[in-house]
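Remember, predicted model here, so these are calculated numbers, not experimental data. Heavy-atom basis, side chains included; hydrogens, waters and symmetry copies ignored.
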Amino acid sequence: MTQQAAGGSPGTTAGFGPDLVEVFGPSQQDGGPELVQLLTPEGERVEHPDFSFDLGDDAILGFYRDMVLTRRIDTEATALQRHGELGIWAQLLGQEAAQIGAGRALRPQDFVFPTYREHGVAWCRGIDPLDLLGLFRGVDQGSWDPKENNFGLYTIVIGAQTLHATGYAMGMQRDGVVGTGDPDRDAAVIAHFGDGASSQGDVNESFVFAASYNAPVVFFCQNNQWAISEPFERQSRIPLYQRALGFGFPGVRVDGNDVLATYAVTQAALNRARDGQGPTFVEAYTYRMGAHTTTDDPTRYRLSDDLERWKLKDPIARVEAYLRRNGVAGDDFFTGVQAEADDLGARLREGCKALPDPTPLSIFDHVYTEITDELEQQREAFDAYLASFEGAH
Amino acid sequence: MTQQAAGGSPGTTAGFGPDLVEVFGPSQQDGGPELVQLLTPEGERVEHPDFSFDLGDDAILGFYRDMVLTRRIDTEATALQRHGELGIWAQLLGQEAAQIGAGRALRPQDFVFPTYREHGVAWCRGIDPLDLLGLFRGVDQGSWDPKENNFGLYTIVIGAQTLHATGYAMGMQRDGVVGTGDPDRDAAVIAHFGDGASSQGDVNESFVFAASYNAPVVFFCQNNQWAISEPFERQSRIPLYQRALGFGFPGVRVDGNDVLATYAVTQAALNRARDGQGPTFVEAYTYRMGAHTTTDDPTRYRLSDDLERWKLKDPIARVEAYLRRNGVAGDDFFTGVQAEADDLGARLREGCKALPDPTPLSIFDHVYTEITDELEQQREAFDAYLASFEGAH
Amino acid sequence: MSTQKITLAKGLNMGLRKAMEDDPKVLLMGEDVGKLGGVFRITDGLQKDFGEDRVIDSPLAESGIVGTAVGLALRGYRPVVEIQFDGFVYPAYDQIVCQVAKMTFRSQGKSRMPMVIRIPFGGGIGAVEHHSESPEAQFAHTPGLKVVACSNPVDGYWMIQQAIASDDPVIFLEPKRQYHADKAELDETATPAPLFTSRVARRGTDVTVLAYGPTVKTAMAAAEAAAGEGKSLEVIDLRTLSPLDMAPVYDSVRRTGRVVTVHEAHVNLGLGAELSARITEQCFYSLEAPVLRVGAFDTPYPASRIEEDYLPDLDRVLDAVDRSLEF
Amino acid sequence: MSTQKITLAKGLNMGLRKAMEDDPKVLLMGEDVGKLGGVFRITDGLQKDFGEDRVIDSPLAESGIVGTAVGLALRGYRPVVEIQFDGFVYPAYDQIVCQVAKMTFRSQGKSRMPMVIRIPFGGGIGAVEHHSESPEAQFAHTPGLKVVACSNPVDGYWMIQQAIASDDPVIFLEPKRQYHADKAELDETATPAPLFTSRVARRGTDVTVLAYGPTVKTAMAAAEAAAGEGKSLEVIDLRTLSPLDMAPVYDSVRRTGRVVTVHEAHVNLGLGAELSARITEQCFYSLEAPVLRVGAFDTPYPASRIEEDYLPDLDRVLDAVDRSLEF
Ligand SMILES: Cc1ncc(C[n+]2csc(CCOP(=O)(O)OP(=O)(O)O)c2C)c(N)n1
Ligand SMILES: Cc1ncc(C[n+]2csc(CCOP(=O)(O)OP(=O)(O)O)c2C)c(N)n1
Ligand SMILES: [Mg+2]
Ligand SMILES: [Mg+2]
């Protein structure tokens, strides 16, 4: 009933363009004809008229390593949650290419506003993966300094960070680090968010502001097809990259399981921003292979068929196929990366358990830049209260 | 500085389509090539390939009368504010065609969600203009019953009503009054808002919801070029009707000073909605000839040139020219409408001053459907308090 | 088999089902309320039985959800909105305080807002930021809204139905920590107390403890512990936060002369402040000690490893009881 | 010529100008703050002198304004946001309570939010709905925010500069009714009191009256009138609502034993509730009467023709003073 049959008399739709096209039909199952791809699921390099990958095989080896290690962070963290060491974990399984492609396109002076799932981008920014665990273990709310690696704290409230990103980009404009022509100086911001987030007022307002001020920001949306249990179709009935057209800046849909394409497209978008040409929307078309988080149960709402089909597009497998087929890397390399991953896994397991719990009194720290008298009194009273139990037990 | 020169190397923008076109250049001053027009400022009928006006000259006489009377309501109310009888008034001067065209395209079963400036639409819905004054005089917050004329209360919070409209339209879907093919039954909602409002999260969320549920709602935006002191360019760098494309439904820009075109386009959009074809965005391109409200001083922020240019496009003058030129109406008709306007003016002046002030105790009415004990106590205490002054003076 | 043992989650689910059966105008809306049954499974199975038009998965936008619910209410529906977590109600705050709360007043009763906004609230589930908030004071401060909090499975079953039947908008707070915790015996043939009433959960003579939602359990445990030390606590489950049902409170305070309020919200300008002010005003000469307030500290909700230090617990309640008695 | 007579609007305008001169990182943002100088002209002339990059006309979206201000603050700027009217702060509520308020805490002090959110607040200007709200309690209930209210031109000049200098986010409330009302003598060479302190505005011995923002004037008038009847009121202008500066209040209450609070916000869960709770807790044995609260009724703001009945006025304050004295 919510999708009534078109009962209109012919002519009434004149002037409004063609009737709604079936954008979710079979033709869209692979992302549709507009999908930018440079490496097929089978590992074959293809060319695209507008976007090209300008790095060599060395870089691809690096991307491969990044993706494998990122996936290992993810599987380790998932296991740690199963063992009760983390309260929850937001898995990125399947989204490695989207994140590494985007993350490696960044320059040091760029700034990143992540969601809660940007473990791969964090990796590229040099955040110690152990630091990512604190939030999910419940010992902190993100312990890195955003200024150190130009990587913001994870944002839980869906979409809020897209406005922060736009404001930060406005700050860059005011700092004169946009459009100077100096590649070491010109900077941009990347705002990460999901397909679900695209429905939030904040996200659309960030498009308005970014367009209005021509701010140097790339809106990087990982359309992983799901917002918890809701399929992408609930959020939009047209491909998401087209949202940008309604706000007057370009959008492009890239194969988010293709690290080369994601890198190339994100780099081009970041260049536009750094050059002073304003915002771009990048839709990385991908799939959330895992659950929404470790507390989610996707069997309640999606078919395993879907998952199986996407497994064939695995972002890591296709790079491996490319590297092997072209003789860029042999078993040695792959074993080496695997060993590195194992070491990383072990370090995470050890490190996670060793993460210190905050002290109760730390509750009062950093509410303000300096504690207020009011809070100092609460702190002292609580201290005395806690002390009253010592020896009592 | 906020609009940096494009300093990018060629190639970096590949794939993102053409660089930002100058949509606010001279070519856009008349609304641009996409403007749907059926009656020129000189009063000449023109045809449009997609939209046609399907009523006769009788209807045009009616529109003329509507517009003149609506303008009179506006000038009377403005005068009443100057005389201290109203606290404030939101003028519609210049927007008569947009409102009458939209208002007359409605059927009784349709529902309207207005802003604070929809006096012309209110007129079409049969709201007594005197009832419009209560809010601005400060005696009530809208005294009509939305259910009686299917015309909602004025909404002050920018954009909030677009979501109400979408929800109401979802209710119509559930009531089975959409796409049945019965013209007396099929219904739609129209949501009014301004160019400024298009930046609000709520408005964009209403686009998301309306598209997602294919709700029978027409988003009718009067782009009067200003949001108080901010020119349209602050809100969008492309024509506003194109916003809809980003959400997957059609948008069209109509000459909002042309009552025939506005009628035709709105009717077509409403028909789409009633037929179950979902939402449409109509941008009525017009101009706020007056101040934002009676407390505003537009000389602080805009040039009188602009105003003079728009005066040539007056929505009423062009209909008068048409009627006279084609011998549809002569002096008798125009004098008659003028006399009617004078009567209306007199009635408003008298009526406004006679609007009763609410009683102090009415503060407690209708906070809830039944007064709570808590409020009853406050009411009684206040009653006693007020009584304590009686005789004291 | 007129009774069965149910959890709070089950009570709410049964209550929603009953309300939907009784009135075809009742709709459920929210994120993931359909196939998933909500992240807490409160709407489990309802979309299957009532269809997608009555159990509506919404786009991810809280203002949109509440705003469209306003439109549906104006069209004659009775929407029941689920906010996924307390911390995500804020994008909808404008629609709630400016539209939902004011529509009846603005229209002089011509338009009504029979809407329920369900909010899982409170902490203690080991979650990340924004998932453990207690926003009730902000809503209780807003005229036009009614605010209630259930504390147990049986109240969950009845109160949600009563809230849906109300022609006024109701903010319906559900202590998420209790969803799948203790079970209670539900008799579906019983006659429930009216919605906007408090309940004396335990009789006592020394100190009155005022609690609601998740802290009722804490207060009851404290009363049990105190009884062991010879102190008799009277526990009142407020249930309704706006309007407040003060009569049983005043009655109790006039007997005990001492009051401790307990909530998970920040103490500063939390419900305890209003309770203290009213009690002091109405029972000035009965009070043997000032009303003492136990609640979350006036800091943001901390990382979950120390949330139990942050939240009021049995010991903090007992400590306040002792301070009150020693005053 | 070291002093001049100025209105509150002028004081704020001068203060903003001074802050912008002193620190190039200070930016103004909001709707119509540029050429128009804001609907109340508080930013009059500033865009002309500091340019469009420092006085930024924003698209019409409050969440967008505050959200981009967060980003600018993270980049090292000190944004001063103007919310056009109190009733329009709610679309930005989520950004304020979840982002602005929590950023310092979340980042353990690594990120700061030196942001000022200016809100013209309160009623009495004959406006339509949503233009006369008093939302302060909601912000004061939110840890991480600081909340202040100025009441006079001189405070306006100093407090806005102090707020901008603060590294914590400050909700800055301006009594819009006073903008263009009384003038006061400003000495720009004076040394202002610290921002987060209350001020005894008038000494007295019988009853302590606590006010802030627009009600300070009411309280002072009441004190004047009461003096005529031989009653001596001490008036404290709270100035800071979060944190509260209670020392001068307790000191006063210990002398007078009686307190009346006055604000335009709803009584239920308004600042008066918190003041009452704290005073009762700290001055229990000094109180001769319960703290009495004068404020707006617990109803939405009414149509403006009866707003003066709705708002606390001199008579309502005096009535409460009498009730306190007679208690
Ligand atoms: C404002 C807000 N509403 C609801 C939530 C709960 N929530 C967390 S993740 C999520 C789905 C997000 O989907 P999407 O944007 O597609 O990102 P993904 O999780 O797929 O990466 C929801 C509803 C939230 N965090 N914030
Ligand atoms: C949420 C909100 N923010 C700010 C305002 C103050 N305000 C009233 S009208 C207006 C401009 C509206 O511009 P537009 O949408 O173009 O409509 P117009 O007044 O031109 O008809 C503003 C900012 C408001 N009413 N609501
Ligand atoms: Mg997703
Ligand atoms: Mg406008």
Colleague: Can you say whether C:Glu31 sits under 4.5 Å from chain A via the side chain, the backbone, both, or neither, judging by heavy atoms?
Modeller: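 Both the backbone and the side chain of C:Glu31 come within 4.5 Å of chain A.
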Colleague: Might you work through the salt bridge (Lys or Arg N to Asp or Glu O under 4.0 Å) test for C:Arg305 and A:Asp357, ending with a clear yes or no?
Modeller: CA-CA 7 Å; C:Arg305 286 267 169 161; A:Asp357 277 353; 3.5 Å; yes
Colleague: Evaluate C:Asp315 against A:Phe389 for side-chain contact (heavy atoms from CB on, under 4.5 Å), listing each step before the verdict.
Modeller: CA-CA 10 Å; C:Asp315 285 327; A:Phe389 289 91; 3.6 Å; yes
Colleague: Under 4.5 Å from any heavy atom of chain A, what part of C:Gln47 do you find: side chain, backbone, both or neither?
Modeller: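 Contact with chain A is absent: no heavy atom of C:Gln47 under 4.5 Å.
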Colleague: Would A:His292 and C:Val39 count as a side-chain contact (heavy atoms from CB on, under 4.5 Å) if you check the C-alpha gap in whole Å, the side-chain angles of each, and the deciding distance to 0.1 Å?
Modeller: CA-CA 11 Å; A:His292 170 69; C:Val39 295; over 6 Å; no
Colleague: Surrounding NZ of C:Lys35 (heavy atoms of other residues, nucleotides or ligands, distance under 6.0 Å), is the total greater than 12?
Modeller: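 Open: at most 12 neighbouring heavy atoms sit under 6.0 Å from NZ of C:Lys35.
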Colleague: Need one label for A:Arg137: side chain, backbone, both or neither, based on atoms under 4.5 Å from any heavy atom in chain C.
Modeller: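 Both backbone and side chain.
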Colleague: Taking side chain as everything from C-beta outward and backbone as N, CA, C, O, which of these in A:Tyr368 sits under 4.5 Å from a heavy atom of chain C? Side chain, backbone, both or neither.
Modeller: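 Contact with chain C involves no heavy atom of A:Tyr368 at all.
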Colleague: Output the option from C:Asn268, C:Asp309, C:Leu60, C:Leu36 having the highest count of non-hydrogen pairs under 4.5 Å with chain A.
Modeller: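 Heavy-atom pairs under 4.5 Å are most numerous for C:Leu60.
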Colleague: Using non-hydrogen atoms and a 4.5 Å limit, figure out which bit of A:Ile88 sits close to chain C: side chain, backbone, both or neither.
Modeller: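 Looking at A:Ile88, just its side chain touches chain C.
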Colleague: How many angstroms lie between atom CD of A:Glu374 and atom CG of C:Asp298, to the nearest 0.5 angstrom?
Modeller: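 Reported to 0.5 Å precision, the distance equals 6.5 Å.
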Colleague: Counting only heavy atoms not in A:His83, do more than 12 sit closer than 6.0 Å to its NE2 atom?
Modeller: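 No, NE2 of A:His83 has 12 or fewer neighbouring heavy atoms, counting only those of other groups under 6.0 Å.
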Colleague: Can you tell which part of A:Ile228 gets under 4.5 Å to a heavy atom of chain C, answering side chain, backbone, both or neither?
Modeller: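 For A:Ile228, the contact with chain C is made by backbone and side chain together.
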Colleague: Counting only non-hydrogen atoms closer than 4.5 Å, does C:Phe88 touch chain A with its backbone (N, CA, C, O), its side chain (CB onward), both, or neither?
Modeller: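 Only the side chain of C:Phe88 comes within 4.5 Å of chain A.
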Colleague: Of the backbone (N, CA, C, O) and the side chain (C-beta and beyond), which part of C:Arg323 lies under 4.5 Å from a heavy atom of chain A, both, or neither?
Modeller: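 Neither part.
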Colleague: Quick check: does any side chain N or O of A:Glu230 sit under 3.5 Å from a backbone N or O of C:Asp32, one acting as donor and the other as acceptor?
Modeller: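 Here the side-chain-to-backbone pair exists.
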Colleague: Minimum heavy-atom separation for A:Ser199 and C:Ala61, please, with both atom names.
Modeller: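 Reported closest heavy-atom pair: O-CB, 3.4 Å.
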Colleague: Which answer fits C:Tyr301, side chain, backbone, both or neither, if we ask what part of it has an atom under 4.5 Å from a heavy atom of chain A?
Modeller: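 Backbone of C:Tyr301 only, per the 4.5 Å heavy-atom cut-off to chain A.
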Colleague: Roughly how far apart are C:Tyr310 OH and A:Phe364 CZ, rounded to 0.5 Å?
Modeller: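 Atom-to-atom, C:Tyr310:OH and A:Phe364:CZ are 9.0 Å apart.
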Colleague: Return the option, out of A:Ser362, A:Gly196, A:Ala227, with the maximum number of heavy-atom pairs under 4.5 Å with chain C.
Modeller: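 Top option by heavy-atom pairs under 4.5 Å: A:Gly196.
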Colleague: Heavy atoms only, distances under 4.5 angstrom: which of C:Ser58, C:Gly64, C:Gly51 has the most pairs with chain A? Name it, please.
Modeller: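 The residue among C:Ser58, C:Gly64, C:Gly51 with the greatest pair count is C:Ser58.
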Colleague: Run the salt bridge (Lys or Arg N to Asp or Glu O under 4.0 Å) check on C:Asp44 and A:Arg300 step by step: do they pass?
Modeller: CA-CA 10 Å; C:Asp44 190 29; A:Arg300 291 179 70 101; 2.5 Å; yes
Colleague: At a heavy-atom separation under 4.5 Å, does A:Ser198 approach chain C through its side chain, its backbone, both, or neither?
Modeller: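 No part of it gets close to chain C.
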Colleague: Has the side chain of A:Gln141 got a donor or acceptor atom that lies under 3.5 Å from a matching backbone atom of C:Glu129?
Modeller: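 Such a contact is absent between A:Gln141 side chain and C:Glu129 backbone.
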Colleague: Is there a side-chain contact between A:Asp297 and C:Arg41, using heavy atoms and a 4.5 Å cut-off?
Modeller: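 Yes, close enough: below the 4.5 Å cut-off.
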Colleague: Can you say whether A:Tyr385 sits under 4.5 Å from chain C via the side chain, the backbone, both, or neither, judging by heavy atoms?
Modeller: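 Only the side chain of A:Tyr385 comes within 4.5 Å of chain C.
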Colleague: So what's closer than 4.5 Å to chain A heavy atoms on C:Ser63: side chain, backbone, both or neither?
Modeller: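 Neither; nothing under 4.5 Å.
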Colleague: Heavy-atom distance under 4.5 Å to chain A: side chain of C:Glu62, backbone, both or neither?
Modeller: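 For C:Glu62, heavy atoms of backbone and side chain both lie under 4.5 Å from chain A.
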Colleague: Counting only non-hydrogen atoms closer than 4.5 Å, does A:Ile363 touch chain C with its backbone (N, CA, C, O), its side chain (CB onward), both, or neither?
Modeller: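 Both backbone and side chain.
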Colleague: Do you know the tightest heavy-atom contact between A:Leu135 and C:Val128?
Modeller: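 Here A:Leu135 and C:Val128 meet closest at O-CG1, 3.5 Å.
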Colleague: For A:Glu370, does the CD atom sit with more than 12 other heavy atoms under 6.0 Å from it, leaving out its own atoms?
Modeller: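 Open: at most 12 neighbouring heavy atoms sit under 6.0 Å from CD of A:Glu370.
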Colleague: So for A:Ala197, is it side chain, backbone, both, or neither that comes closer than 4.5 Å to the heavy atoms of chain C?
Modeller: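 When you check distances to chain C, only backbone atoms of A:Ala197 fall under 4.5 Å.
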Colleague: Heavy-atom cut-off 4.5 Å, strictly under: side chain, backbone, both or neither for A:Asp195 against chain C?
Modeller: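 For A:Asp195, no heavy atom lies under 4.5 Å from chain C.
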Colleague: Heavy-atom pairs under 4.5 Å with chain C are the metric here; pick the option from A:Gly194, A:Pro360, A:Gly87 that has the most.
Modeller: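 With the most close heavy-atom pairs to chain C, the winner is A:Pro360.
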Colleague: Side-chain contact, heavy-atom cut-off 4.5 Å: C:Pro300 with A:Val367?
Modeller: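 A side-chain contact under 4.5 Å exists here.
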